[in-house]
Amino acid sequence: MKLSPSPARGIVAAARPSTHSPTYEALLRAGPRLRPLQQVHARIVVVGLHRTRSLLTKLLTLALSSSSSASVAAYARALFLSVPDPDAFLFSSFIAAAARSGRPADAISFYRRMSAAGFAPSNYTFTSVVKACADLAASRTGRVVHSRSLVEGFESDGFVQTALVVFYAKSANLHIARKLFDRIPKRTVVAWNAMIAGYEQNGLAEEAVVTFRKMQEAGEEPDSTTLVSLLSACSHIGTFNLGQWVNDYIEHKGLKVNVVLGTSLIHMYARCGHVEKARKVFDEMPERNIVTWTAMMSGYGMHGHGQQAIELFQQMRLSGLLPNDVTFVAILSACAHAGLICEGREAFVSMKLDYGLVPRVEHQACMVDMLSRAGLLDEAMRFIRIDMEGKASAEVWTAILGACKMHKNLRLATMAAEQLLAIEPENPAHYVLLSNIYASVGRMDQVEKIRNLMIDRQLMKQIGYSSIEIDEVSHVFRMGDASHRQTMEIYRYLDGLMDKIKEAGYLPETGSALHELEEEEREVALRFHSEKLAVAFGIMTTSQSTIIKIFKNLRMCGDCHSAFKFISLVSRRAIVVRDNRRFHHFEQGLCSCQDYW
DNA sequence: GTAGGGTTAG
């Protein structure tokens, strides 16, 4: 019976005598609290009502709506199994609760029991089970459940279909996800969010933004979940303008900045080159958790502000929050990028001793990176032998290799590169690195051999590109690009710039150029690296006070790094480059990475 | 007779 919210409501309710049994009343009084519920349960057993389905159902649903913990889960499971003849209602309550509280395997196994017992799942049941399949990445089961839902006639059910969109997106089947999404009759904000997040999580940030635009065209208002995915997309592509728009939107609409949204803002600002703005958001957040602190520390780390990362870490410890393994990845990588060897060693010991955390490959890679960048190559190799028992991953060898190039250790470099080829024979970047090393010592026979190997294995070099945003328009350049409509001016401007920096003492590092070219050609090839085109375009089209911000999809090469230092000097401009590893702030001939990169 | 669903951060 539905009661109208009239003043008589209280009177009606009070006047109606209870039709429940005393035991049922006791359950209601106990509420969603485990201990009192278990006491009533004991009484149910004592009076011999322990096989009464209605009582056990109420007991179970109350227990499931109490705070979810391992003990609740175990209790609920045992309770369910004690019911002699569970009905569809009991099954779906249990399945929904399991899916909701992080026990997807239970949800699926009870879905199977339910089917075996001859009950047809409802749309509620399907939604929960599909979510469970998505969480477990159980792609085969998910597809079977999907076909069953079609048989049961839920092809147009918004809830079931949205859950399926999430499921297919998590299984990287974005085409299917999109098809289902397009067929949802009334797309709610949750459906849009699922699709946008799906693209974002599969690395298709641009597609996520495009879908967001479609959402706006469809007249659907974004909520904080939409904005979180959008901010992630901005962080990936490095589109500061859209990120800033999100911030303005939040302020304009007076949306509450919850922990997740605030953390996303911090991440976006840091990844788009604005650590100070990230810090401002951090300082203004009413509530912060470990993810928030870690995001801020890693933001400092990628800008080379290791000391600030450490300070924040100390503050966090004082606030009583416990760091986890991701926090230590942030700290160690901050130390590696800032050359803070002592602090890094200390943190590595502390994570094991003070927090009982077991170092994972990521932590070990940070340590090797840190030691080898600092020129402590012997110690780095000892770390691999002892701490890693000689089993180094591709990341670790890449770190060693990078350091070898920096510190001109050709013997070790060759060894590291060969290891890399053995571990990841399908990664073209390793071949290019190794051949560059051979080229730099004049071993052209080896260079040729590696080139042929690449051709045999049909490996293509990953294509590098750089982008720069000017007046909210993103300009993308590839090496030797001639597609920009101002190409002629850009190249002319770049030529002038290169002449000026040569006068100032710049020497081209031809080791960074393509290995198959002759010396003079290499210098020309270097000159047209995508980031150089982008920087020339940026300087010529913006005013003196504008900071030039460039985004590069690959690691910046040594020659460009050196050239940019000189460019910042002769043009008296501040230049910020975000490559796939970190930020470089160039100013007055120096880089914030102190040439640790 | 009973309750229950899909989306988000390092």
Side-chain angles (χ1 to χ4, degrees), chain A residues 1 19-20 24 27-28 32 53-62 64-65 87-101 107 121-135 154 157-167 169-170 180-181 184 187-198 200-201 208 215 222-233 235 257-268 270-271 278 281-282 285 288-302 323-331 333 362:
Chain A
M1 183 175 91
T19 54
H20 295 310
Y24 197 91
L27 279 174
L28 292 180
R53 190 174 61 201
S54 59
L55 282 179
L56 294 177
T57 300
K58 192 66 197 168
L59 178 56
L60 189 71
T61 54
L62 281 170
L64 287 172
S65 60
D87 58 0
F89 175 76
L90 191 56
F91 269 114
S92 47
S93 302
F94 188 86
I95 292 166
R100 199 178 51 229
S101 48
S122 69
N123 49 352
Y124 282 93
T125 321
F126 278 120
T127 313
S128 306
V129 180
V130 171
K131 174 181 159 53
C133 293
D135 290 347
F154 296 116
D157 184 288
F159 281 96
V160 177
Q161 297 308 309
T162 303
L164 284 166
V165 167
V166 175
F167 163 74
K170 290 226 168 110
L180 296 179
F181 173 77
I184 298 176
R187 272 165 246 153
T188 60
V189 62
V190 182
W192 283 102
N193 290 350
M195 197 64 241
I196 293 171
E200 215 303 297
Q201 287 159 353
M215 175 182 181
D223 64 6
S224 72
T225 305
T226 324
L227 301 179
V228 167
S229 294
L230 206 51
L231 287 169
S232 284
S235 307
V257 178
N258 60 32
V259 208
V260 180
L261 189 54
T263 305
S264 304
L265 278 169
I266 291 173
H267 188 222
M268 180 277 294
R271 302 260 314 181
V281 174
F282 179 86
M285 277 170 73
R288 308 179 193 117
N289 61 19
I290 185 66
V291 187
T292 316
W293 286 86
T294 304
M296 193 62 238
M297 285 182 233
S298 106
Y300 278 135
M302 61 180 126
N324 61 23
D325 53 341
V326 189
T327 317
F328 278 102
V329 174
I331 283 296
S333 120
E362 288 93 328

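Within every chain, numbering begins at 1; the chains are lettered A, B, ... in the order of the sequence lines, protein sequences first and strands thereafter.
- Residues A:Lys131 and A:Thr127 are not in side-chain contact: their nearest non-hydrogen atoms beyond the backbone lie 4.5 Å or more apart.
- Regarding A:Arg187, its CZ atom lies at a distance of 16 Å from the C1' atom of B:dT7, rounded to whole Å.
- Distance check, rounded to the nearest 0.5 Å: CZ of A:Phe126 to SG of A:Cys133 gives 11.0 Å.
- Here B:dA3 presents its C1' atom at 12 Å from CG of A:Asp87, a figure rounded to the nearest Å.
- Looking at heavy-atom distances under 4.0 Å, A:Asn258 makes no contact with the nucleic acid at all.
- The side chain of A:Asp223 approaches B:dT7 more closely than any other nucleotide in the set B:dT7, B:dG5, B:dG10.
- Close to B:dT8, at under 4.0 Å from its OP1 or OP2, lies a side-chain N or O of A:Gln201.
- Looking at heavy-atom distances under 4.0 Å, A:Val326 makes contact with a base.
- Between atom CG of residue A:Asp157 and atom CG of residue A:Asn123 there is a gap of 4.5 Å, rounded to the nearest 0.5 Å.
- In this model, no side-chain donor or acceptor of A:Thr162 finds a partner on the base of B:dG5 within 3.5 Å.
- Distances shown here put a side-chain N or O of A:Arg100 below 4.0 Å from the OP1 or OP2 atom of B:dG5.
- Applying the 4.0 Å criterion to OP1 and OP2 of B:dG5, one finds that A:Gln161 has every side-chain N and O outside that range.
- Counting any heavy atom pair closer than 4.0 Å across all strands shown, A:Thr226 reaches no nucleic acid atom.
- Base engagement by A:Thr188 is indicated by at least one non-hydrogen atom pair under 4.0 Å involving a base atom.
- With B:dG6, B:dT7, B:dG10 as the choices, the nucleotide that has an atom nearest any side-chain atom of A:Thr294 turns out to be B:dG10.
- Judged by ring centres under 5.5 Å apart and planes tilted less than 30 degrees, A:Phe159 fails to stack against the six-membered base ring of B:dG6.
- The nucleotide whose nearest atom lies closest to any side-chain atom of A:Val259 is, among B:dG5, B:dA9, B:dA3, B:dA9.
- Taking side-chain N and O atoms only, A:His267 has a distance below 4.0 Å to OP1 or OP2 of B:dG10.
- Atom CG in A:Leu60 sits about 12 Å away from atom P in B:dG4, given to the nearest Å.
- Residue A:Ser92 is classed as a base contact, given a heavy-atom separation below 4.0 Å to a base.
- One atom, NZ of A:Lys170, and another, C1' of B:dG6, lie 10 Å apart when rounded to the nearest Å.
- Within the 4.0 Å cut-off from OP1 or OP2 of B:dT7, at least one side-chain nitrogen or oxygen of A:Lys131 is found.
- Heavy atoms of A:Glu200 sit nowhere under 4.0 angstrom from any nucleic acid atom.
- Between the CE atom of A:Met268 and the C1' atom of B:dT8 there is a distance of 15 Å, given to the nearest Å.
- Atom P of nucleotide B:dG1 and atom CG of A:Leu28 are separated by 17 Å, given to the nearest angstrom.
- Nucleic acid contact for A:Leu227: none, since no nucleic acid atom lies under 4.0 Å from a heavy atom of the residue.
- The base of B:dG10 sits within donor-acceptor range of the side chain of A:Asn324, with an N or O pair under 3.5 Å.
- Taken to the nearest 0.5 Å, the CD1 atom of A:Ile196 stands 6.0 Å off from the OG1 atom of A:Thr226.
- Looking at the side chain of A:Val260, the nearest of the listed nucleotides B:dA9, B:dT2, B:dG10 is B:dA9.
- Between the P atom of B:dG10 and the CZ atom of A:Arg271 lies a distance of 9 Å, rounded to the nearest Å.
- We find that CG of A:Leu27 is positioned 13 Å from P of B:dA3, with the value rounded to whole Å.
- Listed candidates were B:dT7, B:dA3, B:dG10. Nearest to the side chain of A:Ser93 is B:dA3.
- Minimum atom distance to the side chain of A:Val228 is reached by B:dT8, of the listed B:dG6, B:dG4, B:dT8.
- Scored by the side-chain contact (heavy atoms from CB on, under 4.5 Å) test, A:Thr294 finds A:Ile290, A:Val326, A:Thr327, A:Ala330 as partners (sequence neighbours excluded).
- Across all strands shown, A:Gly158 has heavy atoms under 4.0 Å from base atoms, whether or not it also approaches the sugar-phosphate.
- Residues A:Lys170 and A:Asp135 form a side-chain contact, since some pair of their non-hydrogen atoms from C-beta on lies under 4.5 Å apart.
- No N or O donor and acceptor, one from the side chain of A:Ser128 and one from the base of B:dG4, sit under 3.5 Å apart.
- Looking at A:Thr125 and A:Ser122, their side chains come closer than 4.5 Å, going by heavy atoms from C-beta outward.
- The residue A:Asp135 sits apart from the nucleic acid: no heavy atom pair falls under 4.0 Å.
- Proximity note for A:Ala295 (side chain, C-beta onward) versus B:dG6, B:dG5, B:dG10: the nearest is B:dG10.
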